[in-house]
Protein chains: 2
Amino acid sequence: MKRRVTVEQAFGAVLRELRTGTGKTQETVALDAGLDRTFISMLERGLRQPTLETVLSLSRALGVTASKIVEKVETLLGN
Amino acid sequence: MKRRVTVEQAFGAVLRELRTGTGKTQETVALDAGLDRTFISMLERGLRQPTLETVLSLSRALGVTASKIVEKVETLLGN
DNA sequence: CTGTAGACTTCTGTCGACC
DNA sequence: GGGTCGACAGAAGTCTACA
């Protein structure tokens, strides 16, 4: 009974983990993904949610597949 | 040279394929996913794009993982 | 059962600025 | 390098209704 993690929070955690793993800055990822730096910040903090297209853009910027990202999110959500 | 398919179109095709595979109607899927029937219609026709939360809701309604859905989308997009 | 249309609400995503 | 704020355009998602 301890699963109070939202989709936003789970995705944010995965995004931050993957980004820091590559040693990239939020700004670099934003540029590579064609997104705004402030939006990456909000995503990592679990304040916003991505669309499917955004997940795909981020996956390319991070050098992983989008399905792998979603898989990690599902794990955090308890799947 | 196979980047003519948009994310919307790829997702719509995957969604329709999975839904018809279960024999469910758009209305049933909508109810199970907690979404609107007209929105499912637009998603399948590639006129709209889902957020990550919507992909997760639909995956539960369809009895597959969200990562599997995204994997199929990536395949259609040429990954 | 599905497509479409309009009107509407909420949220994604951008941008400039400042800390 | 990252957090935050406010203003904004556009898209996600709902609902009623009719073909």
Side-chain angles (χ1 to χ4, degrees), chain A residues 4-64 66-67 69-70 72-74 76-77, chain B residues 3 5-64 66-67 69-70 72-74 76-77:
Chain A
R4 241 3 10 221
V5 181
T6 65
V7 174
E8 288 93 327
Q9 292 168 342
F11 181 82
V14 171
L15 175 56
R16 177 156 289 179
E17 178 198 336
L18 289 173
R19 178 181 64 81
T20 55
T22 66
K24 289 184 171 182
T25 65
Q26 289 184 351
E27 189 162 19
T28 303
V29 171
L31 282 171
D32 291 350
L35 293 169
D36 196 87
R37 200 214 93 218
T38 64
F39 188 51
I40 305 290
S41 174
M42 293 182 126
L43 283 175
E44 286 193 359
R45 295 172 58 76
L47 301 177
R48 286 281 195 286
Q49 226 216 321
T51 59
L52 179 56
E53 190 158 43
T54 298
V55 176
L56 286 161
S57 298
L58 287 170
S59 75
R60 290 178 203 116
L62 294 170
V64 288
S67 50
I69 293 180
V70 174
K72 283 174 177 287
V73 170
E74 288 182 302
L76 283 187
L77 290 174
Chain B
R3 186 64 87 225
V5 182
T6 66
V7 174
E8 288 92 326
Q9 291 168 344
F11 181 81
V14 171
L15 175 56
R16 178 157 290 181
E17 177 198 337
L18 288 174
R19 179 181 63 82
T20 55
T22 65
K24 289 184 173 182
T25 65
Q26 289 184 350
E27 189 161 19
T28 304
V29 170
L31 282 172
D32 290 351
L35 294 169
D36 196 87
R37 201 215 91 219
T38 64
F39 188 51
I40 305 289
S41 174
M42 294 184 125
L43 283 175
E44 286 192 0
R45 297 175 60 77
L47 301 178
R48 286 284 194 283
Q49 227 217 316
T51 59
L52 179 55
E53 190 158 44
T54 298
V55 176
L56 286 162
S57 298
L58 287 171
S59 75
R60 290 179 203 116
L62 294 169
V64 288
S67 50
I69 293 180
V70 174
K72 284 174 176 287
V73 170
E74 287 181 303
L76 284 187
L77 289 174

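Not measured: the values here are computed from a predicted model. Quick note on labels: first sequence line is chain A, next is B, and so on, each numbered from 1.
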Looking at residues at least two apart in the chain, or sitting in another chain, which of them share a side chain to side chain contact (heavy atoms under 4.5 Å, CB included) with A/Thr20?
A/Arg16
Who pairs with A/Glu17 by side chain to side chain contact (heavy atoms under 4.5 Å, CB included), at least two apart in sequence or on another chain?
A/Lys72
Interatomic distance, A/Leu31 atom CG to A/Thr25 atom OG1 [nearest 0.5 angstrom]:
8.0 Å
Sub-4.5 Å side-chain heavy-atom contact between B/Leu56 and A/Glu74
yes
For each nucleotide in nucleotides 1-15 of chain D, reading 5' to 3', give B when a protein heavy atom comes within less than 4.0 Å of its base, S when such contact involves only the sugar-phosphate, and - otherwise.
SBBB-------SSBB
Residues forming a side chain to side chain contact (heavy atoms under 4.5 Å, CB included) with B/Ala13, sequence neighbours excluded:
B/Leu76
Which distance, rounded to the nearest 0.5 Å, do you find between the CZ of A/Arg19 and the CD1 of A/Ile40?
8.5 Å
Where are the stems of DNA chain C, defined as at least 3 consecutive Watson-Crick or wobble G-U pairs with both distances under 3.5 Å?
C:2-19 with D:2-19
Walking along DNA chain C from 5' to 3', note the first and the last nucleotide with an atom under 4.0 Å from a heavy atom of chain B, and give both.
C/dC1 to C/dA5
Could you tell me the separation between the NZ atom of A/Lys24 and the CG atom of A/Leu18, rounded to the nearest 0.5 Å?
11.0 Å
Distance col, row A/Asp32:CG vs A/Leu62:CG, nearest 0.5 angstrom, shows 8.5 Å
How many angstroms lie between atom OG1 of B/Thr38 and atom CD of B/Glu27, to the nearest 0.5 angstrom?
11.0 Å
Under 3.5 Å, side chain of B/Gln49 to main-chain N/O of A/Thr51, donor-acceptor pair present?
no
